[in-house]
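Have a look at the structure below before the remarks.
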Amino acid sequence: MTRYTPAETEPKWQKAWDEAGLFAAKRDPSKPKYYVLEMFPYPSGALHIGHVRNYTLGDVIARYKSAQGFAVLHPMGWDAFGLPAENAAMERGVHPGDWTYQNIAAMKDQFRALGLTLDWSREFATCDPEYYGQQQAMFLDFLEKGLVYRKKSVVNWDPVDMTVLANEQVEDGRGWRSGAVVERRELTQWFFRISDYSDALLSALDGLDNWPEKVRLMQANWIGKSRGIEIPFHPVGDGDPITCYSTRPDTLRGATFLAISPDHPVAIDLAAHDPAIAAFIEDARKMDTTEAAMEKAEKKGIETGISVLHPVYADRHLPVWIGNFVLMDYGTGAVFGCPAHDQRDLDFARKYDLPVVNAFHLPGDTTDVTDIALVPPKTTEVVYVDHFAGIDIITSQEAIDATIDYFEANALGVAKVNYRLRDWGLSRQRYWGCPIPVVHCDSCGVVPEKKENLPIELPKDVSFDRPGNALDWHPTWRQVPCPKCGDAARRETDTMDTFVDSSWYYARFTAPQAETPTDRQEADYWMNVDQYIGGIEHAILHLLYSRFYARAMIECGHLPEAAAEPFDALFTQGMVTHAIFQGFAADGRREYYFPEDVALRDGKAFRKTDDTEVEIIPSAKMSKSKRNVVNPVAIIERLGADTARWFVLSDSPPERDVEWTDAGAEATSKHLARVWALSDRIARMDDTDAASGADDALMREMHKAIRDVTLGIESFGFNAAIAKLYAFTNVLMKSKASHAAQRKAVMVLAQLMSPMTPHLAEDIWGHHGGAGFVAQAPWPVADESWLVDDKLTMPIQVNGKRRSELLVAKDAPKAEIEAMALADEAVQRALAGNAPKKLIVVPGRIVNVVI
RNA sequence: GCCCGAGUGGCGGAAUUGGUAGACGCAGGGGAUUCAAAAUCCCCCGCCGCAAGGCUUGUCGGUUCGAGUCCGACCUCGGGUACCA
C-alpha cells in the first residue's frame with residue numbers, strides 16, 4: 001500500500017511537464033486555437049488565496065481545452081508598475097525595480113507550486129523596458145493619429161499619493177488607492193480620446209454575449225448616453241445667448257431661472273468686474289476641493305444681474321444665477337431650472353425665493369408644487385399646462401423625443417447626445433511608471449521622441465527621500481536635446497497611468513519578444529482572448545480602457561479589425577472569504593484572533609488562551625487586520641496544490657464567494673487520499689476475473705460521469721462537476737466490477753479530475769500504465785449508447801404531488817404505463833374507487849393522476 | 001433616489017426545456033475497529049408526527065394536470081451608481 005504524498009509527487013510532475021515543454025503555446029494553423037487569460041497579478045511578493053482561485057479557474061479551462069485538441073495559449077506576466085514599489089522604496093530604502101523583481105521571483109516560485117499550465121517562455125513584466133518601450137512607441141503612434149492630446153484641465157489630485165487620478169479612479173471623492181480626499185487642481189495633462197469612442201464602446205456592448213450582463217450594464221451606465229437638446233436663451237438686451245442642455249425639454253414650460261457653472265465663461269467674465277461674484281466662484285471651487293461630504297453640500301448661488309428671455313413665452317424673463325452645483329464639463333455648463341419638477345431646483349428656488357411654475361399636473365389634480373417636486377416616472381400620464389409641443393397628454397421617452405424634434409423643427413434648439421464618459425487622463429506624477437516619450441523645447445514646444453531613441457528608460461539612480469515624483473529632481477535625466485532642433489530641452493517627467501500598461505498586455509502575450517508592439521502574424525492567429533477571467537472590481541476601469549485601447553491599436557495597425565473587442569468571453573469570479581474570530585481583550589478593546597489561536601467545538605469558537613467563547617463572523621473578506629487571511633503557500637506545503645485547487649473549485653459556483661475553512665481543506669485532502677488509495681487497490685486487484693454483471697453498471701456510470709463533468713466544465717459549473725466526480729468515485733469504490741472495467745473507470749476518473757487535480761491525475765494515470773502524460777491524453781467522450789437505461793423509474797403524482805413510482809421499460813407504450821399507474825396501490829388509495837378526472841402521461845418523464 | 005442581482009435544510013450549494021426538491025460536500029448523530037486515541041470503514045441526517053400522514057424553495061396572489069423554475073405585487077439582503085441637468 002503506497003501513500004498519497006503530494007509534497008513529493010507534485011514537484012516531480014511539475015518538473016516533468018516543464019522538461020517536456022507541455023505548455024509552450026505553438027501557433028498551429030491545423031488546430032483551432034484557444035486563448036485563456038486570467039488578469040495578471042500585481043507582484044506584491046506573496047501569493048494570495050484569491051490568486052489561487054483565479055488562476056485555478058483559468059487552468060481548468062486551459063487543461064480542458066488542451067485535452068479537447070485546441071492549441072492553447074495560457075500566458076502569465078506581471079502588472080509591475082505602481083505605487084507600492086515607491087512606498088517600499090521610501091520605507092525600506094530599496095529601489096522600486098529591485099523590490100519589484102525580487103517579488104516577481106518569489107511569486108513565480110509560488111505560482112509554479114500550483115501546477116498551472118502556464119507558458120513561462122512568454123512571461124514579461126510591464127516594468128521591463130522591452131515592454132514599456134513598445135508602449136512608448138505606441139504612444140507616439142497614438143499621438144500621430146490624434147488619439148492622445150494635451151490640455152489644461154482641472155484634475156483630481158490625490159494629496160497623499162501626490163498624483164493625478166482619472167475620474168474612474170475617484171470613489172466617493174477619495175482616491176481609489178490612498179483613500180485620501182481628492183482635491184481639484186489645474187494642470188496640463190495628457191488625455192486619451194476615449195470619449196470619441198463613447199458610442200462605439202456603448203453599442204458594441206450588445207454584442208458581448210459572453211460577458212456578464214452585470215458588467216455590460218455597469219459599463220453602459222458609466223458611458224452614460226443621454227439624448228437631449230441644447231437650447232439657447234437670449235439675454236434681455238444685448239449679448240450672446242446662454243445655451244442650456246436639457247434631456248427634459250417638456251419641462252421648459254416650468255423654467256423659472258437659469259443656473260450656470262462657476263467655471264462658465266460668462267461667470268468668469270463677470271467675476272473680473274464684480275468682487276462678490278469672484279468671491280463666490282473662489283468659494284465654490286474651494287468647497288469642491290475640501291469636503292467629500294459635498295454630496296450633502298448646500299446648493300448655493302449668486303445672482304448675476306443678467307436676465308434671459310424664455311424661448312417660448314417671450315414675456316417671461318428668467319434671472320441667471322451662478323450655481324455651485326452646475327458642472328462645467330457636462331453638457332454646456334448651464335441649465336434651466338424647473339423647480340416644480342426637480343427637487344434640487346426646487347430647493348434652490350425656495351432658498352432664493354424664485355418662482356415655482358408647474359409644467360404639468362397629474363390627471364385630476366391641479367395643486368401646485370410646494371415643497372416636494374413632482375417627478376413622476378416617465379411612463380406616468382400627466383397633463384401639461386400648455387400645448388406648445390403638440391404633445392400634451394402622456395409623457396414617455398417617445399413623447400420627450402417628440403418634444404426634442406418639435407424644438408428642433410421650430411429652431412428653438414439643437415438635438416444633442418451627451419455622454420458622461422470623459423477623456424482618460426493618463427499623466428501621473430510618479431517615478432515608477434512608463435515615461436511619456438516627449439520632450440519640451442522652448443522653441444519647438446512639445447516634441448515627440450524619435451522612435452529610434454526608445455525605450456526612454458527610467459534612471460536607476462534616484463532617491464525617494466521626499467514625496468512626489470523622483471524624476472523631477474533627478475540631476476540629469478530631464479536634460480536632453482530637442483529631437484527636432486537639437487537645442488537643449490527638457491524631458492517630460494510625467495509617467496503613464498498603470499492602467500495603460502494593463503490595457504494591451506493581452507496583445508503583447510501573443511508575441512512578447514516582437515520588435516514592434518505586436519507581431520501581426522501572431523496577433524492575428526491568437527487574438528481574441530477566448531476566455532478572460534478576473535475580479536468584478538475591474539468591471540469598469542480596466543475592461544473599458546482595454547476595449548478603447550484595442551480600437552486605438554487597430555487604428556495604428558497593431559491589431560486586426562476583429563480584435564476591437566479583445567475579450568470574447570469574460571468571467572468574473574467571486575472572492576475567497578474566511579470567518580473572522582472576534583472577541584474582547586482584558587481591557588475591553590475589540591480584538592481578532594488567528595484561526596490557529598481558536599478552538600472550534602459544536603459550531604462555536606473558543607479562545608485557546610482562556611477558553612472564552614468568541615464571536616464567529618462568517619464569510620468575511622480577508623484582511624490582515626482582521627487576522628482572517630489564509631496563506632496558500634502554507635496550505636500547499638501541508639496538503640498539496642491539488643487540495644488547494646480542488647477546494648477553491650468545490651462547493652460554491654465560481655462567480656460567487658467561497659468560504660475557506662480548514663475543515664473543508666482537510667476533508668478535501670482526505671478525499672484525494674481516498675482516491676489515491678482506490679487507484680492503488682485497483683492496481684493490485686487480481687486481473688484474471690472475467691467481465692461481470694457489475695461491469696455494465698459501472699460503464700454506464702462512467703459515461704454519465706463523462707457527460708456531466710464535461711457539461712459542468714463547459715458551463716463554468718465547476719462545483720457541480722466536482723460533485724459528479726464525488727458521486728462517480730463513490731460508485732467506483734463500491735463497484736464489484738472486473739479488474740479491467742475498474743481499471744478503465746479509474747483511468748477515466750483520472751482524466752476527468754486532471755483539470756482540477758493535475759498532479760494526482762498523473763499519479764493515477766501512470767500507476768495504471770497510461771501512455772505519456774494524462775495532461776496530453778485526449779478528453780474522453782461519453783458514448784450515447786451507455787447513457788440510455790432500458791428501464792427507468794417514473795414518478796407517479798396525484799394532483800401534482802408525488803405519491804409513488806413505477807419501473808417501466810424505456811419504450812413502454814403509453815397505455816401500458818396508464819394501466820400500471822392506475823393499478824398502483826397509492827393511486828388506488830387516493831382514488832377510493834372513483835375514476836380519475838384526467839390522466840397525464842409524459843413518456844420517460846412523469847405520470848400525473850388528476851382526481 | 002435610480003439601475004442590477006440574489007433569497008432552497010444547521011451551513012456551502014444541486015436541480016437541460018416547467019416534470020421525483022434537497023445531488024455532492026461540510027457540520028452533526030449512531031455504530032465497527034482499537035487497551036485507548038488518531039486514522040479508516042459502515043449507517044442516519046429538511047420540518048412536524050409514535051405512526052399513517054401532513055408540510056416545505058423569502059411573503060402573498062396568479063397561470064398550469066404539474067411551479068424552486070413562468071407572470072404580478074411585496075419584503076429582506078448584496079452590488080453598482082449619482083449635484084449628469
Side-chain angles (χ1 to χ4, degrees), chain A residues 171-172 212-222 224-226 228 244-248 251 259 261 288 294-299 323-327 329-338 342-345 347-348 375 377 418-422 536-537 539-540 600 602-603 618-619 646-647 650-653 655-659 661 663-668 670-671 673-674 677 708 711-712 715 717 719-730 733 793-806 829 836-842 844-851:
Chain A
E171 295 162 358
D172 266 343
E213 182 62 20
K214 186 183 181 170
V215 174
R216 295 193 289 167
L217 260 159
M218 282 163 69
Q219 291 213 357
N221 289 337
W222 188 266
K225 181 178 184 171
S226 64
C244 295
Y245 179 69
S246 173
T247 55
R248 290 294 302 269
T251 64
S261 166
D288 275 343
M294 73 179 176
E295 268 185 37
K296 298 271 176 256
E298 207 181 345
K299 316 291 178 264
N324 65 353
F325 55 89
V326 185
L327 304 174
D329 52 0
Y330 183 78
T332 58
V335 293
F336 67 77
C338 177
D342 183 292
Q343 193 60 45
R344 187 196 58 204
D345 290 350
D347 295 344
F348 191 80
V375 190
N418 269 334
Y419 297 90
R420 216 183 73 113
L421 184 66
R422 317 284 164 70
I536 187 71
E537 67 273 17
I540 296 173
L600 292 169
D602 298 336
S619 210
W646 181 275
F647 182 81
S650 61
D651 281 358
S652 284
E655 67 275 17
R656 269 192 241 177
D657 291 351
V658 63
E659 182 169 359
T661 62
E666 295 289 348
T668 296
K670 282 177 192 171
H671 173 72
R674 234 180 346 253
D708 293 344
L711 194 74
S715 61
N719 56 326
I722 283 181
K724 298 292 179 191
L725 287 168
Y726 270 112
F728 178 48
T729 304
N730 291 342
M733 279 184 182
T793 41
M794 279 175 74
I796 306 178
Q797 295 180 333
V798 175
N799 287 340
K801 295 219 181 272
R802 185 186 166 281
R803 283 291 178 267
S804 186
E805 61 183 29
L806 223 49
R829 198 163 44 210
K837 271 195 197 138
K838 210 170 175 181
L839 192 58
I840 288 156
V841 177
V842 185
R845 282 275 184 202
I846 205 161
V847 180
N848 193 6
V849 183
V850 186
I851 300 175

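Here is how names work: the chains are called A, B, and so on, in the same order as the sequence lines, proteins then strands, and each is numbered from 1.
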Could you say whether L711(A) or T661(A) is positioned toward the 5' end of RNA chain B, judged by the nucleotide with the nearest heavy atom to each?
-> L711(A)
If each of N719(A) and N799(A) is mapped to the nucleotide of RNA chain B with the nearest heavy atom, which maps nearer the 5' terminus, i.e. the 5' end?
-> N719(A)
Which part of the nucleic acid does [X] contact within heavy-atom distance under 4.0 Å: base, sugar-phosphate only, or nothing?
X: D342(A); answer: nothing
X: V850(A); answer: sugar-phosphate
X: K837(A); answer: nothing
X: E659(A); answer: nothing
X: R803(A); answer: sugar-phosphate
X: T793(A); answer: base
X: V849(A); answer: nothing
X: S650(A); answer: nothing

Of the options [options], whose atoms approach the side-chain atoms of [X] most closely?
X: P653(A); options: rG13(B), rC65(B), rA85(B); value: rG13(B)
X: Y245(A); options: rC24(B), rA85(B), rC84(B); value: rA85(B)
X: N848(A); options: rG19(B), rG25(B), rU16(B); value: rG19(B)
X: L217(A); options: rG80(B), rC4(B), rG19(B); value: rC4(B)
X: Y330(A); options: rG13(B), rA85(B), rA21(B); value: rA85(B)
X: M218(A); options: rG79(B), rC55(B), rG80(B); value: rG80(B)
X: R420(A); options: rG13(B), rC65(B), rC84(B); value: rC84(B)
X: R802(A); options: rC65(B), rA23(B), rU20(B); value: rU20(B)
X: K801(A); options: rA85(B), rC55(B), rU81(B); value: rC55(B)
X: E805(A); options: rU81(B), rU20(B), rA85(B); value: rU20(B)

Where the side chain of S261(A) meets the backbone of V326(A), is there a donor-acceptor pair that is under 3.5 Å apart?
-> yes
Between [M] and [N] - [atom1] atom distance, rounded Å:
N: rU76(B); M: rU8(B); atom1: C1'; answer: 15 Å
N: rG46(B); M: rC11(B); atom1: P; answer: 14 Å
N: rG80(B); M: rA15(B); atom1: C1'; answer: 30 Å
N: rA67(B); M: rU57(B); atom1: P; answer: 11 Å
N: rU34(B); M: rC41(B); atom1: C1'; answer: 13 Å
N: rC24(B); M: rA14(B); atom1: C1'; answer: 7 Å
N: rU56(B); M: rU69(B); atom1: P; answer: 14 Å
N: rG12(B); M: rU64(B); atom1: P; answer: 36 Å

Would rG9(B) be called syn or anti, given that syn covers angles within 90° of 0?
-> syn
With under 30° as parallel and over 60° as perpendicular, where do the rings of Y726(A) and H671(A) fit, or are they tilted in between?
-> tilted
For rA6(B), which nucleotide in any strand shown is its Watson-Crick or wobble partner with both distances under 3.5 Å?
-> rU76(B)
Mind checking whether R216(A) and Q219(A) have side chains closer than 4.5 Å, heavy atoms only?
-> no
Would you say I536(A) and K214(A) make side-chain contact, with heavy atoms under 4.5 Å?
-> yes
